[in-house]
**Q** 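The structure is given below, and queries will be raised subsequently.
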Amino acid sequence: MKTLSTLDVVSDVLVIGSGIAGLSFAMKIADFANVVLITKKEKAESNTNYAQSGIAAVLSPSDSFETHVKDTLDCGDGLSKRAVVEKVVREAPARIQELTELGVKFSRTATGKLDLGIEGGHSKRRVAHAKDLTGKEIEATLLNAVAKTPSIKLFENQIAINLVMKHNRCIGCYALDTESSAVQNFVAKITVLATGGIGRIFLHTTNPEIATGDGIAMAYRAGASIMNMEFTQFHPTYLYQPKEASFLISEALRGEGAVLRDKRGRQFMADYHPMKELAPRDIVSRAIDQELKRSGDDYVFLDISLRDSKFIQSRFPGIYEKCLSFGIDITKNPIPVVPAAHYCCGGVRTTIAGETDIKNLLAIGETACTGLHGANRLASNSLLEALVCSHYAAKRCKELLKKRPILHSFTPWESGNAVNTDEAVVITQNRDEIRRLMWSYVGIVRSNKRLTRAKKRIALLQEEINQYYWDFIITADLIELRNMASVAELIIDSAILRKESRGIHYSLDYPQKLLTAQDTLLKKQDVHTALT
Ligand code: FAD
Ligand code: SIN
């Protein structure tokens with residue numbers, strides 16, 4: 001065994017990712033472990049930071065655990081695991097209380113009670129929020145708490161490249177320092193993937209640039225099982241701006257009475273579901289998709305202007321300001337919206353405590369697939385899942401550390417004969433192609449023909465990217481591109497395996513739902529080769 005080097009960054013626990021999952025987990029283990037937390041950009045940049053609507057939990061006497069469980073199971077369309085749903089739902093109030101004690105300022109009513117929002121698929125008001133800037137408030141509070149905790153060391157601009165394995169145990173990871181371009185060994189007894197989602201694999205997405213599926217791709221290369229990747233959730237209402245980076249228009253607007261209309265002013269949701277605008281989001285996304293295909297229009301309208309102007313500005317200050325910056329006054333005018341890729345219901349298969357198939361490797365948050373969301377996530381259940389599962393994972397981590405796992409050093413990163421790239425355009429070109437092909441062929445409505453086309457294209461792209469990966473010195477763009485291609489392939493393969501329509505996976509060739517609900521599992525066979 002190689003002895004530890006002074007160049008190694010050594011910790012009891014290495015956490016990869018600084019969203020709600022990574023930060024809340026780190027806080028929970030900080031009193032019994034020394035923690036290194038790495039994140040690939042500046043520390044607040046995460047899906048968490050952009051969350052608008054809030055966290056679902058039973059927080060009022062008119063609600064019940066049974067109802068939240070039922071809504072979650074109904075939305076999951078037969079694929080959610082009841083035991084996981086029960087545990088997450090029952091833990092939710094305590095975890096929200098914990099966030100409040102840490103300093104998160106949730107919006108309150110005039111009498112001081114939590115102001116609860118409602119979204120599609122929820123039969124009760126149960127979404128705790130900080131106006132429409134909930135994620136920003138949570139992220140800032142957790143980062144502040146982490147900064148005051150000496151046993152957590154946070155490193156920004158470190159992009160994890162690969163997990164390092166020894167005898168089916170994870171012993172740390174290689175990460176590229178994107179400022180110095182050096183590759184660092186992070187050696188740890190336990191490694192935790194909290195790397196978030198995959199939205200950037202699609203052309204139109206609500207997700208920020210960090211969401212390239214790195215954790216899922218790394219875990220897959222290391223030999224972990226990846227579950228239910230066909231279930232990409234599309235959010236129905238993303239601000240339509242043909243030329244500029246855009247912005248999510250929260251479902252909470254529909255919770256407060258906003259309606260969807262086509263360009264001619266016709267309200268169409270009643271044609272699709274009795275809950276109309278508050279139907280589960282797969283139904284709303286497909287309805288908009290169908291309306292757009294039928295009319296040839298580029299967008300539909302979401303209209304909240306029927307509500308009082310002061311209410312709109314105080315309840316949705318973030319959305320009001322952002323839309324105004326695009327020249328849309330939402331108190332007077334409807335908002336042009338389209339669906340966009342939003343959330344990955346699949347991921348690294350884990351228990352509720354984040355355990356994967358690989359020893360000493362945990363996965364939490366959007367990277368993990370615990371069985372809570374099944375075939376479709378109920379709105380505002382993901383911040384919740386990240387919180388509850390981090391809590392359970394912290395307990396599991398304590399038990400694992402009691403078994404005294406050993407620190408194993410590993411050889412420094414070798415660049416071999418790789419040279420600096422002379423054609424970075426290959427990376428941008430391939431990235432664009434993946435995003436376009438996923439949008440066109442693996443989007444809201446799928447078919448055998450489209451999936452087969454996508455599979456052929458992605459195989460060619462994979463070949464080219466792998467060649468490029470070995471020939472050129474590694475960069476953050478190249479790391480992400482390789483991961484995006486790998487996750488795109490996982491989504492396509494999972495979608496091909498599912499011979500039915502269920503939840504958010506809709507196939508023109510298999511419009512029916514099968515009698516038995518089954519998870520889709522993918523696992524790499526040639527793990528050794530894949531790791532090098
Ligand atoms: P993230 O918050 O995405 O954090 C991932 C972290 O990992 C980031 O710090 C990233 O930089 C880092 N990272 C990634 N790859 C690497 C790597 N290779 N090396 C090092 N670091 C890496 N859910 C709700 O429940 N309610 C909502 O209201 C809600 N609104 C949303 C609104 C928007 C616009 C979006 C995009 C999502 C929303 N969601 C909402 C979903 C929810 O925000 C996410 O599922 C959740 O925040 C995921 O948390 P996470 O900690 O798992 O990942
Ligand atoms: C939203 O605010 O509409 C997003 C909520 C979610 O994704 O849970």
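Just so you know, ligand 1 is whichever comes first in the structure, and atom 1 is the first atom listed for that ligand.
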**Q** Q233 near ligand 2, heavy-atom distance under 4.0 Å?
**A** no
**Q** Just let me know how I159 lines up against ligand 1, side chain, backbone, both or neither, with a heavy-atom cut-off below 4.0 Å.
**A** both
**Q** Which option out of E366, H129, K41, K40 puts a heavy atom nearest to atom 44 (C) of ligand 1?
**A** E366
**Q** Would you say I20 and ligand 1 have an N/O pair spaced under 3.5 Å apart?
**A** yes
**Q** Flag the pair E480 and K40 as a salt bridge only when some basic side-chain nitrogen lies within less than 4.0 angstrom of an acidic carboxylate oxygen.
**A** yes
**Q** Please list, in number order, the atoms of ligand 1 under 4.0 Å from a heavy atom of R377.
**A** 23 (N), 24 (C), 25 (O)
**Q** Please identify which atoms of ligand 1 are closer than 4.0 Å to at least one heavy atom of E45.
**A** 8 (C), 9 (O), 10 (C), 11 (O)
**Q** Do the ring planes of Y299 and F301 sit parallel (below 30°), tilted (30 to 60°) or perpendicular (above 60°)?
**A** perpendicular
**Q** Number the atoms of ligand 1 from 1 as they appear, then name those within less than 4.0 Å of a heavy atom of L248, with their elements.
**A** 32 (C), 33 (C), 34 (C)
**Q** Compute the minimum heavy-atom distance from I55 to ligand 1 and say whether it is under 4.0 Å.
**A** no
**Q** Show me which atoms of ligand 2 lie under 4.0 Å from any heavy atom of H342.
**A** 4 (C), 6 (C), 7 (O)
**Q** Which part of Q158 is near ligand 1, with near meaning a heavy atom under 4.0 Å away: side chain, backbone, both or neither?
**A** backbone
**Q** Return yes when E480 approaches ligand 1 closer than 4.0 angstrom through a heavy atom, no otherwise.
**A** no
**Q** Is the shortest N/O to N/O distance between G22 and ligand 1 below 3.5 Å?
**A** no
**Q** At a non-hydrogen distance cut-off of under 4.0 Å, which region of N381 contacts ligand 1 (side chain, backbone, both, or neither)?
**A** backbone
**Q** Judging by distance only, is a nitrogen or oxygen of I210 under 3.5 angstrom from one on ligand 1?
**A** no
**Q** Which part of S380 is near ligand 1, with near meaning a heavy atom under 4.0 Å away: side chain, backbone, both or neither?
**A** both
**Q** In the protein, which heavy atom is nearest to atom 2 (O) of ligand 2, and how far is it?
**A** S250 OG, 2.7 Å
**Q** Is ligand 2 less than 4.0 angstrom away from at least one heavy atom of A379?
**A** yes
**Q** What are the atoms of ligand 2, with element, lying closer than 4.0 Å to any heavy atom of E119?
**A** 1 (C), 3 (O), 5 (C)
**Q** Suppose I only count heavy atoms of A160 and a 4.0 Å limit; which atoms of ligand 1 are within that range?
**A** 17 (C), 18 (N), 19 (N), 20 (C)
**Q** Can you report which non-hydrogen protein atom sits closest to atom 8 (O) of ligand 2, along with the distance?
**A** S380 N, 2.6 Å
**Q** Below 4.0 Å, non-hydrogen atoms only: which portion of R254 touches ligand 2? Side chain, backbone, both or neither.
**A** neither
**Q** Please determine if E251 has a nitrogen or oxygen closer than 3.5 Å to a nitrogen or oxygen of ligand 2.
**A** yes
**Q** What protein heavy atom sits nearest atom 4 (C) of ligand 2, and how far away is it?
**A** R281 NH2, 3.6 Å
**Q** Which bit of H342 is near ligand 1, meaning a heavy atom under 4.0 Å away: side chain, backbone, both or neither?
**A** side chain
**Q** Provide the number and element of each atom of ligand 1 under 4.0 Å from a heavy atom of I16.
**A** 19 (N), 20 (C), 21 (N)
**Q** Below 3.5 angstrom, do we get any N/O pair linking K43 and ligand 1?
**A** no
**Q** List every atom of ligand 1 that sits less than 4.0 Å from any heavy atom of S53, numbering the atoms from 1 in the order shown and giving each element.
**A** 28 (O)
**Q** At less than 4.0 angstrom from any non-hydrogen atom of S53, what atoms of ligand 2 do you find?
**A** 1 (C), 2 (O), 5 (C)
**Q** Which option out of C344, G54, G17 puts a heavy atom nearest to atom 7 (O) of ligand 1?
**A** G17
**Q** At a 4.0 Å threshold, what atoms of ligand 2 neighbour a non-hydrogen atom of R377?
**A** 6 (C), 7 (O), 8 (O)
**Q** Which of the numbered atoms in ligand 1 are under 4.0 angstrom from any heavy atom belonging to A194?
**A** 5 (C), 6 (C), 7 (O)
**Q** Please work out whether the ring planes of W439 and H204 are parallel, tilted or perpendicular, with thresholds of 30° and 60°.
**A** perpendicular
**Q** Show which atoms of ligand 1 fall inside a sub-4.0 Å distance from at least one heavy-atom site of D214.
**A** 15 (N), 16 (C), 17 (C), 18 (N)
